[in-house]
Protein chains: 2
Amino acid sequence: MKVSAKMDYAVRALLELALHWPDTNPRHIRDISRKAAVPQKFLIHILIVLKSLGYVHSIRGKTGGYTLALEPRQIRLVDVVKQWGGLGSFDEQKRKMKKDDAISLLWQQIDKDIIQTLKGVSLEDLCNRQRQQGKILSYDI
Amino acid sequence: MKVSAKMDYAVRALLELALHWPDTNPRHIRDISRKAAVPQKFLIHILIVLKSLGYVHSIRGKTGGYTLALEPRQIRLVDVVKQWGGLGSFDEQKRKMKKDDAISLLWQQIDKDIIQTLKGVSLEDLCNRQRQQGKILSYDI
DNA sequence: TTTAATCATTACTAACTTAATCATGTAAGT
DNA sequence: ACTTACATGATTAAGTTAGTAATGATTAAA
């Protein structure tokens with residue numbers, strides 16, 4: 001019932017790339033690391049996973065870096081989270097159980113709720129919210 | 001984003017006590033352990049916490065055991081889970097962050113969804129579901 | 001009043017997970 | 001070549017999890 005730092009970082013990295021979309025220039029890890037507040041050495045591994053999942057492309061060499069592999073509106077949070085494997089509020093694999101008792105069903109219902117919420121959110125949505133949030137905050141000055 | 005075994009066990013222990021309500025005879029750990037499929041040595045610690053949270057009473061000595069401290073309909077899952085401290089899909093304490101950015105707000109939304117679901121469920125509800133489930137299963141014979 | 005059954009408390013631990021870092025390798029532009 | 005970047009695997013310190021062990025305290029009953 002906890003979002004791991006890794007998953008949080010993954011989404012932040014994706015959002016950071018999405019906020020620059022449709023700029024096609026590759027962003028390098030150093031920049032993403034700074035803007036998304038993720039340790040650079042850690043971010044490398046996260047980006048490799050995101051690449052293997054098909055969410056980002058990488059370009060090696062001197063002018064290398066990362067780009068989004070899809071349009072922000074095509075990337076749904078539910079898919080990222082599901083594929084990341086981090087979901088499942090109840091780890092049924094590890095506990096040998098009936099899984100059809102009232103309590104297991106309750107945990108499963110919670111899973112469904114989470115998925116339902118995430119289904120409605122794309123990277124594009126997050127971009128809009130972030131920009132909107134920025135506006136609200138600027139009024140505070 | 002995972003329900004710990006401890007929390008799962010805690011709810012199972014409470015449900016086991018609730019299923020016997022309003023029988024006021026104390027049940028001893030051994031029985032609860034067997035029926036709820038929780039290691040006895042582990043269950044002791046869980047029951048102590050549940051006692052400190054006010055959900056169960058304990059009676060020591062030869063005819064001792066545990067009883068529910070409240071009626072099943074008075075015990076809402078949302079309270080148990082919240083007081084257990086296990087909730088919070090995103091651990092904001094440990095990561096120094098703004099907490100008002102789009103991503104943090106998304107994790108917070110997930111928390112709210114979980115709480116919303118749990119608010120609607122009491123131990124009495126779980127009892128009814130469990131009994132109903134038993135009926136359904138017995139038709140399979 | 002001993003004894004046995006039960007709850008209470010503290011300490012310990014093996015296994016696992018998390019959140020990284022380090023070292024080294026590979027590719028590509030200048 | 002040289003530099004700059006991504007790639008990969010190994011390692012690791014700290015924390016959490018899911019228990020177990022040992023011992024103490026309380027009470028009913030023989």
Side-chain angles (χ1 to χ4, degrees), chain A residues 1-13 17 25-34 36-53 55-67 69 84-97, chain B residues 1-13 17 25-34 36-53 55-69 84-91 93-97:
Chain A
M1 244 158 169
K2 208 188 295 180
V3 174
S4 67
K6 221 166 181 170
M7 178 134 87
D8 183 55
Y9 290 164
V11 176
R12 279 172 202 283
L17 288 174
N25 294 320
R27 317 256 333 263
H28 31 264
I29 292 181
R30 184 171 12 88
D31 288 354
I32 304 171
S33 161
R34 281 189 199 139
V38 180
Q40 186 174 339
K41 292 279 180 67
F42 199 26
L43 183 56
I44 295 177
H45 302 283
I46 290 164
L47 285 168
I48 286 173
V49 175
L50 288 175
K51 184 182 164 184
S52 77
L53 294 177
Y55 294 112
V56 300
H57 285 146
S58 73
I59 295 148
R60 297 171 79 139
K62 194 142 189 177
T63 55
Y66 286 88
T67 59
W84 195 266
L87 201 72
S89 63
F90 182 65
D91 196 341
E92 295 181 9
Q93 302 301 83
K94 290 202 176 171
R95 286 198 278 288
K96 67 284 179 183
M97 50 177 356
Chain B
M1 245 158 169
K2 209 186 296 181
V3 175
S4 68
K6 221 165 182 171
M7 179 134 86
D8 182 55
Y9 291 163
V11 176
R12 279 173 201 284
L17 289 175
N25 294 321
R27 318 259 330 266
H28 30 266
I29 292 181
R30 183 170 15 87
D31 289 353
I32 304 172
S33 161
R34 281 189 200 140
V38 180
Q40 185 173 341
K41 291 277 181 68
F42 199 25
L43 184 56
I44 295 178
H45 303 286
I46 290 163
L47 285 168
I48 286 173
V49 174
L50 288 175
K51 184 183 165 185
S52 77
L53 294 176
Y55 294 113
V56 300
H57 285 145
S58 74
I59 295 146
R60 295 172 81 141
K62 193 146 187 177
T63 56
Y66 286 88
T67 59
L68 272 191
W84 195 268
L87 200 73
S89 65
F90 183 65
D91 195 343
Q93 304 300 83
K94 289 202 175 170
R95 287 199 277 288
K96 68 281 181 184
M97 49 179 356

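A note on names: the letters A, B, ... follow the listed sequences, proteins ahead of strands, and every chain is numbered from 1.
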A:L43 CG to D:dC6 P, in whole Å, measures 9 Å
From the list C:dA20, D:dA29, D:dA21, which nucleotide is the closest neighbour of the side chain of B:K41? D:dA21
Under 4.0 angstrom, heavy atoms only, what part of the nucleic acid is A:L47 near: base, sugar-phosphate, or nothing? nothing
Of B:F42 and B:G61, the one whose nearest nucleotide on DNA chain D sits closer to the 5' end is B:F42
Taking only the side-chain heavy atoms of B:S58 (C-beta and beyond), determine which of C:dA8, D:dA28, D:dA5 contains the nearest atom. C:dA8
A:Y66 and A:I29: side-chain contact (heavy atoms from CB on, under 4.5 Å), yes or no, with the steps? CA-CA 7 Å; A:Y66 286 88; A:I29 292 181; 3.6 Å; yes
Would you mind telling me which of D:dT8, C:dG29, D:dT20 lies closest to the side-chain atoms of A:T63? C:dG29
Rounded to whole Å, NZ of A:K6 lies from P of C:dT17 at a distance of 12 Å
Within this structure, what is the CD-to-C1' distance between A:Q40 and C:dA19, rounded to whole angstrom? 16 Å
N/O donor-acceptor pair under 3.5 Å between B:S33 side chain and B:P39 backbone: no
Using a cut-off of strictly less than 4.0 Å, decide whether A:Y66 has a side-chain nitrogen or oxygen near OP1 or OP2 of D:dA7. yes
Presence of A:K51 side-chain N/O under 4.0 Å of D:dC6 phosphate oxygens OP1/OP2: no
Out of D:dT27, C:dA19, D:dT4, which nucleotide sits closest to the side chain of A:S4? C:dA19
Given DNA chain C, 5'-ward residue of the pair B:H45 and B:H28, judged by closest heavy atom: B:H28
Knowing that exactly one of A:I46, A:I48, A:L47 qualifies, which makes a side chain to side chain contact (heavy atoms under 4.5 Å, CB included) with A:I44? A:I48
Any side-chain heavy atom of B:S4 within less than 4.5 Å of one from B:K6? yes
Shortest non-hydrogen contact between A:L17 and A:R27, atoms and distance: CD2-CG, 3.7 Å
Look at the side chain of A:R60 against the base of C:dT26 and say whether a donor-acceptor pair falls under 3.5 Å; ignore hydrogens and angles. yes
To the nearest angstrom, the CD1-C1' distance between A:I48 and C:dA20 comes to 14 Å
Take atom CG of B:L17 and atom P of C:dC7, then tell me their distance rounded to the nearest Å. 11 Å
B:D31 has an atom CG; how far is it from atom P of C:dA5, in whole Å? 14 Å
Starting from C1' on D:dA29, measure out to CD1 on B:I59 and report it in whole angstrom. 17 Å
Which of these nucleotides, D:dA18, C:dA8, D:dA7, is closest to any side-chain atom of A:I44? D:dA7
Value in whole Å for how far the C1' atom of C:dA19 lies from CD1 of A:I46: 9 Å
